[in-house]
Amino acid sequence: MTKQVVVIGAGIIGITTALELQRRGHSVLVLDREGVAAQASAGNAGAFAFPEVEPLATPGIMKKAPKWLLDPLGPLSIKPAYALKIAPWMYRFWRASRPGRYTELLHAQASLMDLSSAALTRLITSVDGEAMMQRDGQMQLYESEAEFRASLPTWELRRQHGIDFELLESREAIAERQPGLSPRFTHAGFTPNWINTVDPKKWVEHLAQVFRDRGGRIEHQEIRALTPTDIGVRITLAESELEADKVVLCAGAWSHHLARTLGDHIPLETERGYNTTLPEGAFDLRMHLTFSGHGFVASRINGGVRIGGAVELGGLDLPPNFKRADTLLQKATQFLPGLNTEGGTQWMGFRPSLPDSLPVIGASSHARDVIYAFGHGHLGLTQSAGTAELVGALIDEQSAQISLTPFSASRF
């Protein structure tokens, strides 16, 4: 049965979901206050990081956190002005890192990754998107034998989940795959099936254009509230109202504000990510590089290099601190000695993050016709196609491909 569905959010989750619902025969309208790929979907590293099955909240991580937090430009930072406000989120994060809970989250994350990997293949085929993919693999780099050995349990987890990889234990083996690296890197893990898009913003724009070409509509609107009705959902806009049979809420870091209008209080926070994108010719980057001990990556974007990552927990309102981007770029020049840093463009974006590293995918606790699909953290691009297929099953009242219990909005 054809439904009138409004998707709130025109980032990667919203546009991919709109395409899937359109494919299923529904009439779909996308609403966004700024437009297509205006926030985190525009400036991320462009990686489909399917091997990253381990949640951020790992056992013992809270012992490391104080050391990180003492460095305001380190891989994890909380601004003093925000520390008290984020304390309840950090408490939930700590609870999620307990061994039993961690194991549950790991299995849930892995199931969503498996689905998303297969769903991306289907999506690429359906939108003629192969030209926008880079299938060069990824190398995770370590600076010592001890750091490498400490990483082996994570590689074993990947092996258990069927992820193909090769461990490199010499500088020569590393240089063969990626010339020009500093000799400080002695060990690495290479994942050959890792995928990047040539440009995350262009990928979302491509999907949005396919959606439009197939009859979909995308409008700029400020959404103020959602109200369940006897026959669907009322959407309050800045100057008018809309009615829909179903609403899918995937507005990224702003989603919890609208969920609150329904009575759902979801502990969404923002991982504020920073990067600098350098123009074509900055470095002969052969693949996606992850600098494990420093919390950032180098990826190829439109032939150039994007240096970015790290986590700053600071909400939506505090001003950006681009010293973090400067620090990452300075480190990159040490790790990639031939890197040309001229002509770079800085960016900061809000990754919508929940304390247990899993998104919310499922119906509102107070409105069965509102489906939530947000909170993917730094894995929104990675999990977009799988999330879209799960939402499609929910809208059509079909059985989901994986258990959605771990992703329920009522888990908090």
Side-chain angles (χ1 to χ4, degrees), residues 12-13 40-41 44-61 64 75-76 93 96-97 101-121 133-142 147-148 150-167 188-197 200 203 271 273 275 287-300 306 308-311 349 351-359 361 375-387 402 406-407:
I12 184 59
I13 301 294
S41 295
N44 61 70
F48 295 95
F50 300 121
E52 302 299 312
V53 295
E54 189 171 37
L56 291 178
T58 56
I61 194 169
K64 303 175 184 177
L76 173 63
F93 182 81
S97 72
R101 181 64 177 139
Y102 161 81
T103 300
E104 295 172 356
L105 296 171
L106 172 65
H107 291 315
Q109 189 79 286
S111 68
L112 182 54
M113 289 297 205
D114 287 343
L115 171 62
S116 297
S117 178
L120 177 64
T121 298
M133 299 296 121
Q134 300 174 134
R135 300 179 184 269
D136 304 315
Q138 177 248 19
M139 193 152 56
Q140 200 154 338
L141 295 155
Y142 305 100
E147 187 181 36
F148 173 66
S151 77
L152 292 180
T154 298
W155 290 106
E156 174 59 21
L157 281 176
R158 291 170 180 162
R159 185 194 64 77
Q160 292 171 8
H161 289 280
I163 296 166
D164 188 23
F165 63 85
E166 178 185 355
L167 298 179
F190 176 66
T191 46
N193 297 324
W194 184 284
I195 305 171
N196 282 64
T197 177
W203 173 238
E271 295 177 42
N275 66 44
M287 66 191 69
H288 186 98
L289 299 179
T290 300
F291 300 100
S292 304
H294 300 270
F296 76 97
V297 305
S299 57
R300 283 197 296 130
R306 180 165 289 167
V311 173
R351 311 180 190 110
S353 300
L354 291 162
D356 60 4
S357 301
L358 298 183
I361 305 174
H376 296 75
H378 61 289
L379 296 171
L381 177 65
T382 302
Q383 297 174 340
S384 55
T387 298
I402 62 174
F407 306 95

Ring pair (Phe, Tyr, Trp, His ring centres under 6.0 Å) against [X], all qualifying residues, sequence neighbours excluded:
| X | answer |
| --- | --- |
| Tyr142 | Phe148 |
| Phe291 | Phe185, Phe296, Phe335 |
| His288 | Trp194 |

Validation row: [X], [Y] side chains within 4.5 angstrom (heavy atoms):
| X | Y | result |
| --- | --- | --- |
| Ile12 | His376 | no |
| Thr197 | Gln134 | no |
| Arg101 | Leu105 | yes |

Would you give the length of the straight line joining atom [atom1] of [X] to atom [atom2] of [Y], rounded to the nearest 0.5 angstrom?
| X | Y | atom1 | atom2 | answer |
| --- | --- | --- | --- | --- |
| Trp155 | Leu167 | CH2 | CG | 6.5 Å |
| Thr58 | Leu157 | OG1 | CG | 10.5 Å |
| Leu381 | Asn196 | CG | CG | 8.5 Å |
| Arg351 | His378 | CZ | NE2 | 7.5 Å |
| Leu106 | Ser357 | CG | OG | 10.5 Å |
| His161 | Glu156 | NE2 | CD | 10.0 Å |

Q. How would you list all residue pairs meeting salt bridge (Lys or Arg N to Asp or Glu O under 4.0 Å) that involve residues 106-115, not counting sequence neighbours?
A. none
Q. What residue pairs, at least two apart or across chains, pass salt bridge (Lys or Arg N to Asp or Glu O under 4.0 Å) with a residue in residues 44-57?
A. Glu52-Arg158
Of all heavy-atom pairs between [X] and [Y], which one has the smallest distance, and what is that distance?
| X | Y | result |
| --- | --- | --- |
| Gly293 | Glu147 | CA-OE2, 3.3 Å |
| Pro153 | Ala150 | CD-O, 3.4 Å |
| Met139 | Ala188 | CG-CB, 3.6 Å |
| Pro355 | Ala57 | O-CB, 4.2 Å |
| Arg306 | Asn275 | CD-ND2, 3.6 Å |
| Phe93 | Leu56 | CZ-O, 3.9 Å |

Q | Worked verdict on Thr191 versus Gln140 for side chain to side chain contact (heavy atoms under 4.5 Å, CB included) | A | CA-CA 8 Å; Thr191 46; Gln140 200 154 338; over 6 Å; no
(Q) Against Gln138, only a single residue in Leu289, Val297, Thr290 fulfils side chain to side chain contact (heavy atoms under 4.5 Å, CB included); can you say which? (A) Thr290
Q: Using side-chain contact (heavy atoms from CB on, under 4.5 Å) as the criterion, list what pairs up with Ser116, not counting sequence neighbours.
A: Phe50, Leu112, Gln383
